[in-house]
Amino acid sequence: MKGSLLSFKPQVYIKDLSRHVGEEVVIKGWLYNSRSSGKILFPQLRDGTGIVQCVVLKSAVSPEVWEALDHLGQESSLVVRGKVREDARAPGGYEIEVTDAEVVQAATGYPITPKEHGVEFLLDHRHLWIRSRRQHAILKVRHTVVRAVRDFLDQEGFILCDAPILTPAACEGTTTLFEVDYFEDEKAYLTQSGQLYNEATAAAFGRVYCFGPTFRAEKSKTRRHLTEFWMVEPEMAYATIDDVMELSERFLTAIVARVLDERREELKLLERDTAKLERIAPPFPRLHYDEAVRILQEGHERGALEDRFEWGGDFGAPDETYLSQQFEKPVMVHRFPAAVKAFYMARDPERPELALGVDVLAPEGYGEIIGGGERAASLEFLEEQIREHNLPREAFEWYLDLRRYGSVPHAGFGMGIERCVAWLCGIEHVRETIPFPRMLYRLRP
RNA sequence: UCCGCAGUAGCUCAAUGGUAGAGCAUCCGGCUGUUAACCGGAGGGUUGUAGGUUCGAGUCCUACCUGCGGAGCCA
């Protein structure tokens, strides 16, 4: 009878099938792939929680059901009823002996076939690509990373206090921002960081974090860049650069442990070498910038790096890769030349030419996943920095208030979710770590 | 923005300057245990665009468009 299976309750999910062996269940899903052999069909059904092979014998179902399933196209939506059986021949170990089925919508010509496809084609069909096993695994890891981030910070007493997405000025004055034409007499921009607002909320709540999308209008075109990405930024009042390094270590360790605990299956599907992740535990190596420069220069002398790195610059991608490859754990590089860092960074009292900033480089060449440090607490110093960087003073008046009314040493960092997920999954490109990547030249779907 | 590479069937790719082809997908047929199933058949093309060289261009030349990889910048 039409509609009877579609509205059937309770719906059983494929991930729970092992608890229903011997029972008759109803699964609602989509046709992942199908093989036929005359009077027997092997449709593979996915429902978002997993994939299960069904067995349809022509002799066991009505002629209507057989007819409906016999030539059903990939990704057709359907509901099946059948008995759960353990069978070693089935991928996944369980299968459904189908007794009844109902096609919700018969699809034809699904573009993503079980064969290879190019990147451009897959990205053009991202809305469908996310149905495939590999993308599913990556996005589940992302989900777990986000949960781990929130749980860790919540347990550490951080208050979620999100920063605005529409902002009146650049945080750091250097990067290119997305302009929004809406507010009268004033340009607005999409945020590049919640940093400055975090400093306000940290002074209100002590320990805070914001977690949301971030936008960079740079013409970056590499495997580590998105124009829209997600960043989590904790900030602590009465804290120093050392507190930031200590928190970063425990933070990353907690995330890795959670993913290893909950996403073994997904990491296995992605062929991730989990032994490399098992090693992630405090303490992480801490490298003074001077020492990092020495290592890079040695690397150049040994022929491992093309260009000789000179003291004073910021690391390029090959430099970060080389540094991270010298260690098995994330490496924390601290105390950069102030000239290459943001205006709000505090200075090293012993060497004022250095900023109390720290970058955490992920292992295996995944680059910078965390950037942070101690913020300048002095009103006079910040006023001078704003002048030197040619920033619009009016836009920063509220920020300067934070130094007028109870200024304290404070520090924090930001972590890019996509780079973190790419590292944990061991995948080439960050574009696969977000459901709908936004990149230079890619706005659709 | 700069450097490098690539655009041929729905997809992935072939084709010495000389008749545009294969696998998958689609449609039809066969097969009661398939594992990216297999076997047989059919349909499917303005070779990214515009110009040029040539008896003849998918192939050589020029410009443009689109995408990919990387750099700079950054998380």
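Labels below follow one simple rule: chain letters A, B, ... track the order of the sequence lines, proteins then strands, and each chain is numbered from 1.
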With a 3.5 Å cut-off and just heavy-atom distances, do the side chain of [X] and the base of [N] make a donor-acceptor pair?
X: A:R216; N: B:G72; answer: no
X: A:H225; N: B:C73; answer: yes
X: A:R419; N: B:C74; answer: yes
X: A:Q53; N: B:U34; answer: yes

Please check if atom [atom1] in [X] has more than 12 non-hydrogen atoms from other residues, nucleotides or ligands closer than 6.0 Å.
X: A:E291; atom1: CD; answer: yes
X: A:E67; atom1: CD; answer: no
X: A:Y13; atom1: OH; answer: no

Take atom [atom1] of [X] and atom [atom2] of [N], then tell me their distance rounded to the nearest Å.
X: A:F336; N: B:A75; atom1: CZ; atom2: P; value: 10 Å
X: A:L177; N: B:C74; atom1: CG; atom2: P; value: 13 Å
X: A:H117; N: B:C68; atom1: NE2; atom2: C1'; value: 18 Å
X: A:E218; N: B:A75; atom1: CD; atom2: P; value: 9 Å
X: A:L440; N: B:A71; atom1: CG; atom2: P; value: 14 Å
X: A:L443; N: B:G67; atom1: CG; atom2: P; value: 12 Å
X: A:D124; N: B:G10; atom1: CG; atom2: C1'; value: 13 Å
X: A:I40; N: B:C38; atom1: CD1; atom2: P; value: 17 Å

Mapping A:K58 and A:R35 to their closest nucleotides on RNA chain B, which lands nearer the 5' end?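 Final value for this comparison: A:K58.
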Residue mapping more 5' on RNA chain B - nearest nucleotide basis, A:L123 or A:Y110: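 Comparing both residues, the 5'-ward one is A:Y110.
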A:F42 over B:G33, stacked by centroid distance under 5.5 Å, angle under 30°: no
Partner lookup for [N], please. Criteria are Watson-Crick or G-U wobble with both distances under 3.5 angstrom; report none if nothing qualifies.
N: B:G67; result: B:C5
N: B:G40; result: B:C28
N: B:U12; result: B:A22
N: B:G33; result: none
N: B:G45; result: none

So, taking the atom named [atom1] in [X] and the one named [atom2] in [Y], what distance separates them when rounded to the nearest 0.5 Å?
X: A:I241; Y: A:R335; atom1: CD1; atom2: CZ; result: 4.5 Å
X: A:L440; Y: A:T227; atom1: CG; atom2: OG1; result: 8.0 Å
X: A:C420; Y: A:I255; atom1: SG; atom2: CD1; result: 5.0 Å
X: A:Q195; Y: A:R375; atom1: CD; atom2: CZ; result: 3.5 Å

Using a 4.0 Å heavy-atom cut-off across all strands, classify [X] as base, sugar-phosphate, or nothing.
X: A:D359; value: nothing
X: A:S36; value: base
X: A:F121; value: sugar-phosphate
X: A:E418; value: nothing
X: A:L57; value: base
X: A:G367; value: nothing
X: A:R134; value: nothing
X: A:E233; value: nothing
X: A:G118; value: sugar-phosphate
X: A:P91; value: base
X: A:M231; value: sugar-phosphate
X: A:I370; value: sugar-phosphate

Taking [M] as the reference, what is the distance to [N] when you measure between their [atom1] atoms (whole Å, please)?
N: B:A15; M: B:U34; atom1: C1'; result: 36 Å
N: B:U66; M: B:U26; atom1: P; result: 33 Å
N: B:U19; M: B:A42; atom1: P; result: 23 Å
N: B:A57; M: B:G52; atom1: C1'; result: 11 Å
N: B:U16; M: B:G43; atom1: C1'; result: 32 Å
N: B:A25; M: B:C11; atom1: C1'; result: 7 Å
N: B:G17; M: B:C55; atom1: C1'; result: 12 Å
N: B:G18; M: B:U59; atom1: P; result: 11 Å

Determine whether the side chains of A:E235 and A:T201 contain a donor N or O and an acceptor N or O closer than 3.5 Å.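 The criterion, which ignores hydrogens and geometry beyond distance, is not satisfied for A:T201 and A:E235.
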Measure from the side chain of [X], starting at C-beta and using heavy atoms only, and say which of [options] lies closest.
X: A:E320; options: B:G72, B:G33, B:C74; result: B:C74
X: A:T113; options: B:A25, B:A75, B:G72; result: B:A25
X: A:H71; options: B:C28, B:C31, B:U34; result: B:C28

Single hit among A:F211, A:F158, A:F251 for ring pair (Phe, Tyr, Trp, His ring centres under 6.0 Å) with A:F152: A:F251
So, for A:V149 and A:I417, which heavy atoms are closest and what is the spacing to 0.1 Å?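 Shortest heavy-atom contact: CG2-CD1, 4.4 Å.
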Nearest atoms (heavy-atom pairs only) where A:A304 meets A:Y322: CB-CE1, 3.5 Å
Under 4.0 Å between a side-chain N/O of A:K221 and OP1 or OP2 of B:C68, yes or no?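 Yes, such a contact exists.
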Any A:R224 side-chain nitrogen or oxygen under 4.0 Å from OP1 or OP2 of B:A71: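 So the side-chain polar atoms of A:R224 do come within 4.0 Å of the phosphate oxygens OP1 or OP2 of B:A71, strictly under.
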A:E428: which of A:R224, A:R134, A:R223 passes salt bridge (charged side-chain N to carboxylate O under 4.0 Å, His left out):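 The salt bridge (charged side-chain N to carboxylate O under 4.0 Å, His left out) with A:E428 is passed solely by A:R223 among A:R224, A:R134, A:R223.
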Where along residues 427-436 of chain A does a heavy atom fall under 4.0 Å from RNA chain B? A:H429, A:R431
